[in-house]
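Just so you know, these numbers use all the heavy atoms, side chains as well, and skip hydrogens, waters and symmetry mates. Here is the naming used below: chain letters follow the sequence lines, and residue numbers restart at 1 for every chain.
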Amino acid sequence: MAESKDEAPARPDWLPAGCEMLADGAYDAIIMGTGLKEAVISGLLSTKGMKVLHVDRNSWYGGDCASLNLTNLYGKFRAGADPPPSLGHPTRDYNVDLIPKFIMACGNLVKMLLLTKVTRYLEFKNVDGSYVYKQGKILKVPATPDEALRSSLMGLFEKRRFRKFLIWISNYEEDKPATYEGLDLKVLSMRQVYEHYGLDENTQSFIGHAMALQRDETYLNLPALDAVKSIQLYCYSLERYGKSPYIYPMYGLGGLPEGFSRLCAVHGGTFMLQCPVEEILFDGEGKAWGIKATIDGVPQVAKAPIVVGDPSYFPKEKVRCYGRVVRSICILDHPIPNTADAESTQIIIPGRQVGRTEDIYVCMVSFSHNVAAAGKYIAIASTTVETADPISELAPAFEMIGPVLERFDAVSEAFEPVGSGAADSCYVSASYDATSHFETTSQDILDLYERITGSKLSLEINADTTEADD
Amino acid sequence: MSRVCHFKLVLLGDTAVGKSCLVVRFVRNEFFEFQEPTIGAAFLTQTVGLDDATVKFEIWDTAGQERYRSLAPMYYRGAAAAIVVYDVTNKDSFNGAKSWVKELQRRGDPNVVIALAGNKADLEGRRQVHFEEAHAYAEENGIIHMETSAKSALNVKSIFVEIAKRLPKAGAQPEREAFPIMPPRRDKKAGGCC
Ligand SMILES: Cc1cc2nc3c(=O)[nH]c(=O)nc-3n(C[C@H](O)[C@H](O)[C@H](O)COP(=O)(O)OP(=O)(O)OC[C@H]3O[C@@H](n4cnc5c(N)ncnc54)[C@H](O)[C@@H]3O)c2cc1C
Ligand SMILES: Nc1nc2c(ncn2[C@@H]2O[C@H](COP(=O)(O)OP(=O)(O)O)[C@@H](O)[C@H]2O)c(=O)[nH]1
Ligand SMILES: [Mg+2]
């Protein structure tokens, strides 16, 4: 890769003595890490016409949100041990997500996929069911007025009240006061809205956690508009494909960063995996201007006015730890009990149901999405750590999941950037949180995009952007 | 008319051997000496008519990700066929092609149909790779081999036709539950999704 000095073209004056150029040397943006957030950003910047260098220290795409085969999974969690042959083919049968999440069918990530047409590289399947835990039982989340009437989640009168609430939700339009039915959502809190419909605490709990996807109870005292919009998103997403509001890509979530990376490459981006970035280079004013990596013993440098990356690539004073997330990957030879044998499902355990603050999430996928060998299921339980014994915090999830063939536990620190990037040209993404969907991830991407480009990303989808082929 | 069968085909090979030019020649019957390689193309499609069926290729170009060997699993996944390209005027690119064949056998579908294309055959005077040497390698490995020129169009169509003939067209393609995401319809009520 490093050309001999005598045939090298004139050395640019920015290149430090003793260093060669990394790839093409000068770029408009350098992106470090190929996690989903970085991949979406690199795809978006490159389609804007910027020249992008995208590097990753690993030999695979996806960073923290890669999907691993058995060999890599064992390499990561059980160094030295080989996967047992009974589980299936070590490199072909499995794509195990490190960060479990489902995609809301009408959420912002889908808008980004449509906007960039990365949809053309991927295929999806609906997730079979969405469940919520209540007093020791797993119950399907009703999200249509009809389903609500059949649900065993509520008593008869509560069902009627809930149905009325859902009908109001589905008619509500922010720009049509006639649909408000007298409720001003910019003023009223969500608690007041619940009270208006006479909904009891149990119903509030599953609406708030399983439909509005709130992680704790703070939303109850905030203006209701955001929560109402979240419930609408849930209902519209559910309407779109029928079984649940979630979709999930065939072969695992790793396809998402791969797809956005391809988008970037197609628009001229340079990709280097296995690039051992050792240093971010700063000028006298503390602004990042490039990166350095030593490859085959030759120090190489690339420069760009924008340096983007996940927290693991930046000096530790650029990030702060905002919490810890515990995740446990379970390989099963049975679906999760009491989910109607769903081949993919999400279960939310509202924190309050099990005496804690943060909700526990369980995402299960299987052979039906080509992420496990035939007859095998992968359930991942996760939550935000609250105690000194994180694994035990997942006990209610383990109880629900039943016997496991293998279990891999991980506690990871979650980081967020200290600065916006304006002062130091370091645009750092936040670590992935414990939520089981991409809504917070998408928000972080939008935020990162705005910090980098100074303008908001419009997610308006033109309904005419239908695919031309076939 | 005959049945239409869809297949994903991927291009592999070192940088600058002419992969993108081969695709553009095949799909658009054009050749530009200095065309921006690959820019903007997600994938291209082109059909080949055979006696018993029509084969529609969905062609994936490397988009430059071959430069540092950074092709994603997605690229290989579901590829029914691959054209591994080398440049007949560049010996290194032939060695490169052999390693791309290995990579494909490791990462791709076990039944993938492979064709080896010795491109830039119009540059006879600068030849470094002999037809016989490459042909012997291809026969040993049971893969198609032809010398091509994106510039003169030599064998470009033929190599795709040869691949089309070898692809399994028997049996209806299995019913699929998976779907591509489509943009929402416009008639969706206001305030609705997306
Ligand atoms: C080597 C190469 C050379 C090219 N040369 C030219 C050129 O000289 N002039 C030109 O106009 N375009 C050329 N293209 C295609 C071009 O880069 C764009 O992809 C195309 O103009 C569509 O751009 P878009 O953003 O409007 O739509 P896109 O979002 O890129 O594509 C819209 C739809 O068209 C399909 N599509 C994309 N590109 C093509 C294509 N090339 N052929 C058939 N279907 C396609 C996509 O799958 C999609 O369904 C070339 C592509 C390649 C790979
Ligand atoms: N003479 C000749 N030049 C070719 C041929 N095919 C491609 N080229 C040239 O080789 C260079 C690289 O081609 P390109 O398609 O971009 O290669 P890729 O990197 O493999 O996609 C370009 O300058 C082309 O003009 C060919 O058949 N004959
Ligand atoms: Mg090319």
Over 12 non-hydrogen atoms of neighbours within 6.0 angstrom of NZ in B:K157
no

Considering heavy atoms only, which positions within residues 125-154 of chain B lie below 4.5 Å of chain A?
none

So which atom in B:P110 and which in A:R92 form the shortest heavy-atom distance, rounded to 0.1 Å?
CD-NH1, 4.0 Å

Ignoring hydrogens, what is the shortest heavy-atom contact between A:L273 and B:S70? Give both atom names and the distance.
N-OG, 3.0 Å

Can you tell me which portion of A:L122 sits under 4.5 Å from chain B's heavy atoms? Options are side chain, backbone, both or neither.
both

Below 4.5 Å from any heavy atom of chain B, which atoms of A:N95 appear? Answer side chain, backbone, both or neither.
side chain

By a 4.5 Å heavy-atom criterion (distance strictly below it), what part of A:S368 contacts chain B: side chain, backbone, both, or neither?
neither

Please classify the contact of A:E258 with chain B as side chain, backbone, both or neither, using a heavy-atom distance under 4.5 Å.
both

For a quick test of reading the model, state the closest non-hydrogen atom pair linking B:W60 to A:Y121 and the distance between them.
CH2-CD2, 3.8 Å

Interface moiety of A:I247 toward chain B, non-hydrogen atoms closer than 4.5 Å
side chain

Mind checking what makes ring-ring contact (aromatic ring centres under 6.0 Å, His included) contact with A:H369, not counting sequence neighbours?
A:Y248

Under 4.5 Å to a heavy atom of chain B? For A:Y61 that would be side chain

Value for CG (B:L71) from CZ (A:R262), rounded to nearest 0.5 Å, stands at 8.5 Å

Once you round to the nearest 0.5 Å, how far does SG of A:C264 lie from CD of B:Q65?
8.0 Å

Residues that A:F438 engages under ring-ring contact (aromatic ring centres under 6.0 Å, His included), provided they are two or more places apart
none

Taking a cut-off of under 4.5 angstrom between non-hydrogen atoms, the residues of residues 72-91 of chain B near chain A are B:A72, B:P73, B:M74, B:Y75, B:R77

